[in-house]
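First listed ligand is number 1; within each ligand, the first listed atom is number 1. Excluded from the calculations below are hydrogen atoms, water molecules and symmetry mates; all remaining heavy atoms, backbone and side chain alike, are included.
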Amino acid sequence: MSQQRITTLLAGTRSYLPPEHGRSNAWICGQEEYELLSKRALDDPSDFWGARASHLLHWFKRWDKVLEADEARHKYKWFAGSRLNASFNCIDRHLIDGRRNKAALIWQGEQEMDVRCYTYQMLYTEVCRVAHALSSMRIRKGDHVALYMPMIPELAIAMLACARIGAVHTAIFSGYAEGGVRSRIQGSKAKIVITADAAKRAGKIKPLKANLDPILEKCPSVAHVVVVKHANLDNVSMQRSRDIWWEDMIDDFTLNSDFPCEPMDANDTLFLLHTSGSTGKPTGIMHSTGGYLTYAAHTTQWCFDMRDDDVYWCTADIGWITGHTYGIYGPLVLGATTVMFEGVPTWPKPDRYWRIVEKFRVNIFYTAPTVIRSLMRTGEAWTERYDLTSLRILGSVGEPINPEAWQWYHKCIGNGELPIVDTWWQTETGGAMIAPMPYATMLKPGSATTPLPGIEAGVMASAGRDGEQTAAGSLVIKNPWPGMMIGVYNDEEKYQSYFSRFGCYESGDGAQIDEDGYFWILGRIDDSINVSGHRLSTVEIESVLSACPEVAEAAVVPMPHSLKGEAIYAYIATRDDVPWNDALRKTLREMVQRDIGALANPEYIQFVNAMPKTSSGKIIRRVLRKIAGDMYDDLGDVTALANPEALTAIIAGHRNILKGEPDTGAAS
Ligand code: PRX
């Protein structure tokens, strides 16, 4: 393998291999090349990332330095001194590189006949109009715009319009309810919220604007609300001088109105995205323009072997980081065709995804293990009705993919031939960190394989700062990479906490490295729960439950779940004389659903007389976690427990819960 070949690959001057029925990797030609690339990236990161950034993006001004690092403060400025614009890179450059009339975005609505397709030219037109409109509403570089929207093209258009102006978008998953939306709008101090009258989900209409109105009373930063008419709801209340319909907003701007792109510093914030942290407050992760975009495009190209005529579909909602990086920014920078689907995989029938694959001849399909598991349950027959032979690569993200789901995905969707690209990463990392190169890396079902070139991942002993170990430990990243977050909005302390334990980036996940250097992710080791690939904070759920007047204390832990990966198990200590019954459970569930959203609904609620505690009164969640997971025989060290007698009752209560027997009596 020649160095020359690696150099031409990095610089983008190597034309990729002929696809040969697609069963080869166009970019990375096998394990040997991967190893050479990794070595080169680690030996000279500036050269590696500089070459990738030059090749993948259009820069208005080239950088002075590839990386300016302040190691003491863990602050990393990638491509310092450069200028670029994300919207330009996703759209404008493709108007002159031969992709003007190529489909940029294919949108499939919930109804089969509801399809919209935007070429790069059409996307340009719409994005410019929205940028003009936002600008006329005094949105400027650095202002924050919240997007509380369903999976509709206007969401992508709004993101790219913000990027064009230099405004920071902050997407809020449309499944969040009041508390989740409020804290994210308040936390970002958004000046404008863009929403829709309603979202459509599994044949039902879920109002969004009506949900938003009471929330906005507590969000003084919001000057305007833009509403997309999506479900044609009657009687949407519009507040004069604050609210405006999307159509009316853009109506003032002609179809040929160009909007020039703001030249942004590579380290200006492109977007803010909240994730569940270890505190009750969502953490506002900030991503940069230059580093993030480079990393998004780089990983999209190499992890999915993206080629020019591919139709690529990432099923993640744009409200999550996966939708940002692999639904919008990565594929559009590369000039690809990205598919966006509004609906759910099982409605009206569990064949919806496969219909879409056949209909648009999707080549690359990226989804979550929880989706695979739920479709697996509905049977193979649904997949057999469709021609899935256009597929070349399958991807997985969000949680470890269990071997059974891996095999089903590989066999029923991949015809026993296609590689599964299991990508491990996080909101904070911006893009995939540990993942195979399809057709180049040998796969082991359940392992995300090895770190990408340029990424130095390790597993550290839980206790100390140094010393790597092969046994299970904390997954860390030892060197900076362009996609890493640039900060936590308004919370420097939180940002620093990611580095405080090991002196390098701590992921919050446990992992194990096997004898071949393959990484096996063991799940979160902080106060997060990963339900169906969605990261939720136990503290956030506990604080909603504790707000109920009947509740004295709440402790929320994860439990293994065959479909969701992890589910939420809530222990509730009630106040004196409060009866333990299903009515109270219902109230508690309603509170969680109203405040955070249905995805945070506990699987089980168990009432207890007392929580297991240390003598200083701290709840020992480790023990509660074991009980919820049925691991009574392995409760670990319980010597620190001030009230060991409480355990017997909790274990008995747990057994009853699983048998479906009601809790007896009232708290005594
Ligand atoms: O626990 C890991 C799990 O999802 C967490 C990150 O969640 P979030 O920031 O919401 O981003 C999700 C999409 C990137 C991680 O800390 N996770 C993600 N991908 C995998 C995974 N666990 C195992 N295998 C994966 N491929």
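- The aromatic rings of Y489 and H144 are tilted relative to each other, their planes meeting at an angle between 30° and 60°.
- There is no side-chain donor-acceptor pair under 3.5 Å between W406 and D422.
- Using a 3.5 Å distance cut-off with no hydrogens or angles, the side chains of T299 and Y326 do pair a donor with an acceptor.
- A cation-pi arrangement, defined by a distance under 6.0 Å to the six-membered ring centre and an angle within 45 degrees of its axis, is absent between R352 and F341.
- Judged purely by distance below 3.5 Å, without hydrogens or angles, the side chains of T423 and Y366 pair a donor atom with an acceptor atom.
- For a heavy-atom separation below 4.0 Å, the residues in contact with ligand 1 are I321, T322, V397, G398, E399, P400, D422, T423, W424, W425, Q426, T427, D509, I521, R524, N530, R535.
- Neither side chain, R377 nor T346, offers a donor N or O lying under 3.5 Å from an acceptor on the other.
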